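The structure under discussion appears below in the form of structure tokens.
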Amino acid sequence: MKQIAIMGYGVVGSGVAEVFAKNHESIVKKAGEELEIKYILERRDCTGDPNEAKIVRDFEQIVNDPAVSVVVEVMGGLHPAYDFVKACLEQGKSVVTSNKELVAQAGAELLELARAKNVNFFFEASVGGGIPIIRPLHSCLAANEITEIAGILNGTTNFILTKMAHEGAGFDETLRLAQQLGYAERDPTADIEGLDACRKICILASLAFGRHVYPDQVAVQGITGISREDVSLAAFAGYAVKLIGRVKKLESGRVMIAVSPALIEHESQLASINDVFNGILVRGDATGDVVFYGKGAGKLPTASAVVADVIDAVKAAGTVGSLYWTDQGREGYVEDPAKDETAFFLRLGGVSQEKALALFPGSRVLSASPEETALLTPVLEKGRVEELLQGIPTLSNICVLDY
Ligand code: HSE
């Protein structure tokens, strides 16, 4: 019999308890032994909850109980989650987390600590919600040199952009709906400003290339600047607007990593990923492109990934998995984002078609009026585009990606 503790009883934590109860028999069969949730750490009053008897308020009760061998951290945020997870690993307990902020910020350190203590630190649910991506990237694609990863990594923003494109819905009302559905972060700024997607691409980049990338090393732009005009002009030109996290290994050994809205051609597999769904394209030298698709947020999809990790942690008791990367410092690894080369979708206010084409020769003009000219440029360096736009009223400046 293995005893488990859950830290955090919000959307994901209650989903974990629900999946455990609902699928108990098959979970036990897969784990190879009986499993029991012994404690649930939660400060809120849970009177009347079916798991009321398991609720504890004091973390020390969990960390000091030698019977607890696997701890699930689904509290979110960096503190106290980091301190609790570290203490559990130090006590020789395996930890399963859905906390992207924690893994993106401290993954290398916690993986090293887990290894030293001969336990596991698993985080499948931290990227892509219910989509299996961490393990496939690490194990199934292991024979490949991964060259590039690009994905729709945030369910909330994809839900908003989809509703804007398909239903002409407003930003605020759609965000409220995403919050009600349990997709958004407690502070939804992390979703709409791109930080959540940034944490996820950092985790994928660290895993794929073996070296930790910190969120503050990444150029991040969210979706608050995207207007309905952008979405409809892009659609008219044959593109969807998506928030994309991407990383590419360069010949120099550095990585180009970014999160930003992007125009994606309608024919691309990423363009048809809508609503709360996430899609992650992994480009390998042997496989070519592999795309992972599924529900990227929400209670039960995320809980399903957490519970699968618990099963694996139980099965792997006493052995350390090879899921690992290291912190090799920040210097000389992340390429200057100004050197990023893509095409661009520009809307320039009060600029004639002639002037726009003189600035960006070879562009495709999408619309032109005395008020604004919209165009798609050829592939250019981001820094060069910003130089050319100095002093020009720029209504939109969105990269165009060809995944
Ligand atoms: N807020 C996140 C999203 C939850 O919308 O994708 C899943 O990580």
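In listed order, ligands and their atoms are each counted from 1. Note that the coordinates shown come from a computational prediction; the quantities given were computed from them, not determined experimentally. When a residue number appears, it is its place in the shown sequence, counting from 1.
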Which ligand 1 atoms, with their elements, are less than 4.0 angstrom from a heavy-atom of [X]?
| X | value |
| --- | --- |
| Tyr183 | 1 (N), 2 (C), 3 (C), 4 (C), 5 (O) |
| Asp191 | 1 (N), 2 (C), 3 (C), 5 (O) |
| Gly155 | 3 (C), 5 (O), 6 (O) |
| Lys200 | 2 (C), 3 (C), 6 (O), 7 (C), 8 (O) |
| Lys100 | 2 (C), 4 (C), 7 (C), 8 (O) |

Spacing of [atom1] belonging to [X] relative to [atom2] belonging to [Y], to within rounding of 0.5 Å:
| X | Y | atom1 | atom2 | value |
| --- | --- | --- | --- | --- |
| Lys38 | Gln61 | NZ | CD | 9.0 Å |
| Ile223 | Asn158 | CD1 | CG | 9.0 Å |
| Ser268 | Lys242 | OG | NZ | 10.0 Å |

Which is it for Asn154 and ligand 1 at heavy atoms under 4.0 Å: side chain, backbone, both or neither?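 The answer is both.
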What part of Asp196, side chain from CB on, backbone N/CA/C/O, both or neither, has a heavy atom under 4.0 Å from ligand 1?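 The answer is the side chain of Asp196.
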How close does the nearest protein non-hydrogen atom get to atom 5 (O) of ligand 1, and which residue and atom is it?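 Sorting protein heavy atoms by distance from atom 5 (O) of ligand 1 puts Thr156 OG1, 2.6 Å first.
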Write out the residue and atom name of the closest protein heavy atom to atom 2 (C) of ligand 1, then the distance separating them to 0.1 Å.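 The protein heavy atom lying closest is Glu185 OE2, 3.2 Å.
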Between Tyr82 and His79, what is the ring plane arrangement, given parallel below 30°, perpendicular above 60°, and tilted in between?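 Aromatic pair Tyr82/His79 classed perpendicular.
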Report the relative orientation of the aromatic rings in Phe123 and Trp325; use parallel for angles under 30°, tilted for 30 to 60°, perpendicular for over 60°.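 Perpendicular, since the angle between the ring planes exceeds 60°.
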Does the Lys NZ or Arg CZ of Arg44 fall within the cation-pi geometry relative to Tyr9 - under 6.0 Å from the ring centre and within 45° of the axis?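 Arg44 over Tyr9 ring: no.
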Could you check whether Asp309 pairs with Arg135 (Lys NZ or Arg NE/NH1/NH2 to Asp/Glu carboxylate O, under 4.0 Å)?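 Between Arg135 and Asp309 there is a salt bridge, with a charged N closer than 4.0 Å to a carboxylate O.
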4.0 Å heavy-atom contact, Gly129 with ligand 1: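 Per 4.0 Å heavy-atom rule, Gly129 does not contact ligand 1.
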